[in-house]
Amino acid sequence: MKNVMSNKWVITLYVLPALLLILVLIYIPIVLTGYYGLMDWDGIGAKTFIGLDNYIQLMKDKMFWSSTYHSVLLAVFSAVSLIAYLVISLILASKIKGAGILRKIYLIPMLLSSVAIAQLWLKIFDPTNGMLNKLLTMFGVENTPLWLADPNLVLYSIFIPIVWQYAGFYIIIYYAALKGVADEIIEAAKIDGATPLKIAYKIKIPLIAPVIKVTIVLAIVGSLKYFDLIYVMTGGGPNGASEVMASYMYKEAFKTYDFGYGSAIGFALLIICLVMTWVIQKLTASKEDAQY
C-alpha cells in the first residue's frame with residue numbers, strides 16, 4: 001500500500017479530479033470574465049473587441065466608485081463586528097450556565113436563507129407596521145425613520161441584518177478555537193493570580209490569533225462581494241444609496257444587457273478582493289511570518 005501511495009502517477013490520479021473541478025469552476029471563469037471585459041457584448045449576439053474601453057469607462061463611472069465605497073464600508077463594519085462576536089464567544093467558552101442553548105440560538109440565522117432573512121427584516125423595518133417603528137412610537141418618538149427609504153439611513157439599516165445573519169458562523173468558529181486552548185494554561189494563569197480579563201486578553205486571544213486572522217479575511221472579502229440580501233431588500237436603492245459592487249455588476253450585466261461592462265466590474269471586484277486579502281495578510285503578519 002505504501003508503494004502504491006508513493007507512486008507519483010497514483011497521487012496524480014487522485015488529485016486530478018479536484019484540480020479539474022477547480023480549473024473548470026474557478027480559474028476558467030476568472031479568465032473568461034477578464035476576457036469578456038474587453039468586449040462590447042450583450043450576452044447573446046456577436047462580441048466586438050474594444051480593448052480596455054470598459055475598464056477606462058469604469059474608472060470614470062461615479063456609480064461604480066459609489067458602490068465600491070458602500071462595499072468597503074460594509075467590509076469595515078463587518079470587520080469591527082468581529083469584536084462583538086469574539087466577546088460573545090469568550091463569554092460562552094467560560095462555562096456559563098445555558099451556554100449550549102445560547103450557541104443554538106445564535107446559529108438560527110444561519111439556517112435561514114438570505115431571501116427569508118430579507119423578508120423578515122423588511123417587515124421589521126416597515127415604516128407603518130414594522131416592529132421597530134412601533135417600539136419607537138411606544139417610547140414617544142413621533143417622526144419615526146424611513147429605514148429603507150432614507151438615503152442617509154438605508155445602508156446602515158441593511159448592515160444590521162447582515163451582521164445578525166453571520167453572527168452564529170463567526171461565534172462558532174471562535175468558540176471552537178477557544179475550546180482548543182489547553183485547560184492547563186488557563187489553570188496556571190489563575191494560580192498566578194490572573195483575572196478573567198487578563199486571561200482573555202493575554203492568553204486566549206493571542207493563542208487563537210491565526211483563527212482571528214482567517215475570520216478577518218472571510219468577513220472583509222465576503223462583504224466586498226455581498227449581494228443577495230441587499231438586492232432583495234432594496235435593489236440598491238433609493239437612487240443607488242445602497243448599491244454595492246456585486247449588485248451594480250448584476251444590473252449592468254443582466255438588466256441593461258451590457259455583459260462586457262458587467263464583466264469588467266466583476267473582474268475589478270476580483271482584483272479589489274485580492275488586494276484587500278494581501279493587505280490584511282501583511283497587516284496581521286506575525287514576526288514569525290515576516291521572518292519566513
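Within a 6.0 Å radius of CE in Met138, no more than 12 heavy atoms belonging to other residues, nucleotides or ligands are found. Within a 6.0 Å sphere centred on CG of Leu197, other residues, nucleotides and ligands contribute 12 heavy atoms or fewer. Within a 6.0 Å radius of NZ in Lys47, more than 12 heavy atoms belonging to other residues, nucleotides or ligands are found. For Lys179, the NZ atom counts as densely surrounded, since its 6.0 Å shell holds more than 12 non-hydrogen atoms of other residues, nucleotides or ligands. Heavy atoms from other residues, nucleotides or ligands lying under 6.0 Å from CD1 of Ile101 number 12 at most.
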Could you go through the side-chain contact (heavy atoms from CB on, under 4.5 Å) check for Leu153 and Leu146 one step at a time?
CA-CA 8 Å; Leu153 286 178; Leu146 301 173; over 6 Å; no
Could you go through the side-chain contact (heavy atoms from CB on, under 4.5 Å) check for Val275 and Val279 one step at a time?
CA-CA 6 Å; Val275 170; Val279 170; 4.3 Å; yes
Given Leu155 and Leu74, is the side-chain contact (heavy atoms from CB on, under 4.5 Å) satisfied, shown in steps?
CA-CA 8 Å; Leu155 200 62; Leu74 173 58; over 6 Å; no
From CA spacing to verdict: side-chain contact (heavy atoms from CB on, under 4.5 Å), Leu38, Asn54
CA-CA 7 Å; Leu38 303 174; Asn54 282 328; over 6 Å; no
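Rounding to the nearest 0.5 Å places CG of Asp61 at 13.5 Å from CD1 of Ile56. Within the model, atoms CD1 of Ile88 and CG of Leu102 stand 9.5 Å from one another, a figure rounded to the nearest 0.5 Å. Residue Asp192 holds its CG atom at 9.5 Å from CD1 of Ile199, rounded to the nearest 0.5 Å. Residue Ile265 holds its CD1 atom at 10.5 Å from OH of Tyr55, rounded to the nearest 0.5 Å. Here the CG-OG distance, from Leu218 to Ser78, works out to 11.5 Å after rounding to the nearest 0.5 Å. Note that CE of Met249 is 13.5 Å distant from CG of Asp258, once rounded to the nearest 0.5 Å.
Hydrophobic cluster membership differs between Phe227 and Ile230, with clusters built from Ile, Leu, Val, Met, Phe, Trp and Tyr side chains linked at under 4.5 angstrom. Met245 and Tyr250 are not part of a single hydrophobic cluster, where members link through side-chain heavy atoms under 4.5 Å apart. Tracing side-chain contacts under 4.5 Å through hydrophobic residues (I, L, V, M, F, W, Y), one never reaches Val115 starting from Met233; they form parts of separate clusters. By the rule that hydrophobic residues join a cluster once side-chain heavy atoms approach within less than 4.5 Å of another member, Val24 and Leu19 end up as members of separate clusters. In the hydrophobic clustering of this structure, Tyr231 does not group with Val244; members are Ile, Leu, Val, Met, Phe, Trp, Tyr whose side-chain heavy atoms approach within less than 4.5 Å, directly or through other members.
Checking Ser66 against Glu243 by side-chain atom types alone, no donor-acceptor pair falls below 3.5 Å. A side-chain N or O of Tyr174 and one of Thr215 form a donor-acceptor pair less than 3.5 Å apart. There is no side-chain donor-acceptor pair under 3.5 Å between Asp126 and Trp147. Side-chain contact annotation: Asp40 with Tyr261, donor-acceptor N/O pair under 3.5 Å absent.
In summary, the aromatic rings of Phe254 and Phe259 are positioned with their centroids under 6.0 Å apart.
By the 30° and 60° cut-offs, the orientation of the rings of Phe159 relative to Tyr156 is perpendicular. Relative ring orientation between Tyr170 and Tyr166 is described as tilted, the plane-to-plane angle lying within the 30° to 60° band.
Looking only at side-chain heavy atoms (C-beta outward), Val232 and Gln119 come within less than 4.5 Å of each other. Residues Ile205 and Leu86 have side chains in contact (heavy-atom distance under 4.5 Å, counting atoms from C-beta outward). Between Leu270 and Thr33, every side-chain heavy-atom pair lies at or beyond the 4.5 Å cut-off. Using a 4.5 Å cut-off on side-chain heavy atoms (C-beta onward), Ile124 and Trp121 make contact. Side-chain contact between Phe125 and Ser157: present, with at least one pair of heavy atoms (C-beta onward) separated by less than 4.5 Å. Residues Ile220 and Val76 form no side-chain contact, since every pair of their non-hydrogen atoms from C-beta on lies 4.5 Å or further apart. Lys190 is listed as a side-chain neighbour of Glu187, based on a closest heavy-atom distance under 4.5 Å. At a threshold of 4.5 Å between non-hydrogen side-chain atoms, the residues Ile162 and Ile158 count as touching.
A donor-acceptor contact shorter than 3.5 Å links the side chain of Ser89 to the backbone of Ile171. Distance alone, capped at 3.5 Å, places no donor-acceptor pair between the Asn133 side chain and the Thr144 backbone. Looking only at distances, no side-chain donor or acceptor of Asp150 sits under 3.5 Å from a matching main-chain atom of Pro145. Side-chain N or O atoms of Trp65 include none that pairs as donor or acceptor with a backbone N or O of Tyr69 at under 3.5 Å. Proximity of a side-chain donor or acceptor of Asp42 to a complementary backbone N or O of Ile44 within less than 3.5 Å is detected. Between the Lys251 side chain and the Ala246 main chain, no donor and acceptor come within less than 3.5 Å of each other.
Summarising the geometry of Gly237 relative to Ser242, their closest heavy-atom pair is O-OG, 2.6 Å, with the distance given to 0.1 Å. Nearest approach of Trp41 to Ala46, heavy atoms of both residues: CD1-O, 3.8 Å. Across Leu58 and Ala264, no two heavy atoms sit closer than the pair CD2-O, 3.8 Å. Of all non-hydrogen atoms in Lys204 and Leu90, the two that sit nearest each other are CD-CD2, 4.0 Å. Minimum interatomic distance between Pro206 and Ala200 (heavy atoms only, all atoms of both residues): CD-O, 4.3 Å. Across all non-hydrogen atoms, the minimal contact from Ser263 to Tyr36 is OG-CB, 3.4 Å.
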